[in-house]
Amino acid sequence: MLFKLAVSCSETGENEPDNGTGGTVIRLGTGQFSTRVVDDDNLASEQVVDNISVFFTDPSSDDIVYSYVDVGFSTSGDYRVVSVPLEPADLGEKDIYVITNYDDFSVLEALTTITEMEQVRTPEIDKSNNLEAGQGFCMYGMLAGFDFTDTSAGSPIVNVERTCAKLRITLSFPGNPRLSADNSYLVAKAATYTYVMEETGNTLSPVDYFNFASETELTLSGTVFTGIAYVYEADELPQLYIYTHMNGSTEAQEFMTDLPLPERNYLYDLDVRIYEDIGTTRSGSDTGYRMEATVTAFDGNGNLQYINEY
């Protein structure tokens, strides 16, 4: 989900923290996925911000000159509001780095350079501990070269993006929507972690991938079945398995398709369709089933990236 962080050199206002000596107010807005229509099931739980850490460097410098780990914040309207005890003149021109929902504060407190930040990994998950929206996704963003002393510059905006991708699954049975009322999915080859900063050149080894421990039930919505999963950004293709009980059968039928490489903050619409094929053999009719899938990818700004057919 796309978040906006506005850092403004303004006077302390209503419902904003008062640091007693003035300073710089930071606003973190829980903005909606910008398409709104595309992500019509945007969940309030995806907007969770449990903690915020802010880092400043001189422009293009590797050295962190100011850091505020797990800085306190309040809520004002649609914003999370933070106050750091620095005047605009103290900050001057700076690059701004922001990490949210990262709970190992000792790791963040030990950072002295951006190179070290590039090595910070998101909290690990395993086959029994899938990413859950309500727990708060780890997010990262940065803004280069903002001049805090330029009063005409307005408030800088830092786009803070979640380090995971969202998979929105829709299953249907064209031609015979009653083929199955008992359907589930499982994601294989999901990454156990990623890196807080993106595009650092770090790659995961084969042992850093896992399969979900158990199938997740798909929920009936009209004539289709739906589900939502989240996976970390990674450089291996995950796989989607669909399990369905055709015509009330106790034995589940399995269908599998590769998924795209998951990119952080992307939304992948997975339209899965299962068709009933009835053929004729010498012994009579023969019923089989085939799966088709369409994957539509949107970036964090809601822009259509591609459509893949499987």
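Index from 1, following the sequence.
- Residues Leu204 and Tyr193 form a side-chain contact, since some pair of their non-hydrogen atoms from C-beta on lies under 4.5 Å apart.
- Under the 4.5 Å side-chain heavy-atom criterion for ILVMFWY residues, no single connected hydrophobic cluster contains both Leu167 and Leu237.
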Checklist entry - Does the pair Leu179 and Met246 meet the rule for a side-chain contact (heavy atoms from CB on, under 4.5 Å), with working shown? => result CA-CA 5 Å; Leu179 273 178; Met246 295 301 190; 4.1 Å; yes

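- Qualifying side chain to side chain contact (heavy atoms under 4.5 Å, CB included) partners for Ala144, counting only residues two or more places apart in sequence or in other chains: Asp95, Met142.
- Residues Cys164 and Leu131 come closest through the heavy atom pair CB-CD1, 3.8 Å.
- Linking ILVMFWY side-chain heavy atoms closer than 4.5 Å, directly or via other members, places Val207 and Ile125 in two distinct hydrophobic clusters.
- Side-chain contact between Thr294 and Arg273: present, with at least one pair of heavy atoms (C-beta onward) separated by less than 4.5 Å.
- Side-chain contact between Cys138 and Val196 is present, with at least one heavy-atom pair separated by less than 4.5 Å.
- No side-chain heavy atom of Arg162 sits under 4.5 Å from any side-chain heavy atom of Arg264.
- Side-chain contact between Val187 and Val231 is present, with heavy atoms from C-beta onward closer than 4.5 Å.
- Of the listed residues (Leu270, Val295, Val272), just one forms a side chain to side chain contact (heavy atoms under 4.5 Å, CB included) with Tyr310, and that residue is Val295.
- Thr112 is linked by a side chain to side chain contact (heavy atoms under 4.5 Å, CB included) to Glu116, counting only residues two or more places apart in sequence or in another chain.
- Side-chain contact between Phe146 and Glu93 is absent, with no heavy-atom pair separated by less than 4.5 Å.
- With sequence neighbours left out, the side chain to side chain contact (heavy atoms under 4.5 Å, CB included) criterion links Glu236 to Lys189, Tyr209.
- Partners of Arg290 by salt bridge (Lys or Arg N to Asp or Glu O under 4.0 Å), not counting sequence neighbours, listed by chain and number: Asp277, Glu292.
- Separation of the Tyr185 and Tyr241 ring centroids does not fall under the 6.0 Å cut-off.
- Val224 belongs to no hydrophobic cluster, as no Ile, Leu, Val, Met, Phe, Trp or Tyr side chain comes under 4.5 Å of its own.
- Contact check for Phe173 versus Phe225: side-chain heavy atoms found under the 4.5 Å cut-off.
- Tyr289 has its side chain within reach of Gln253: a pair of non-hydrogen atoms, C-beta onward, lies under 4.5 Å apart.
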Can I get a per-line list of side-chain donor-acceptor pairs under 3.5 Å for residues 50-58, giving both atom names and the distance, sequence neighbours left out?
unit_1	atom_1	unit_2	atom_2	d
Asn51	OD1	Asn101	N	3.2
Asn51	OD1	Tyr102	N	3.2
Asn51	ND2	Asp103	OD1	2.9
Ser53	OG	Asp70	N	3.0
Asp58	OD1	Lys94	NZ	3.1

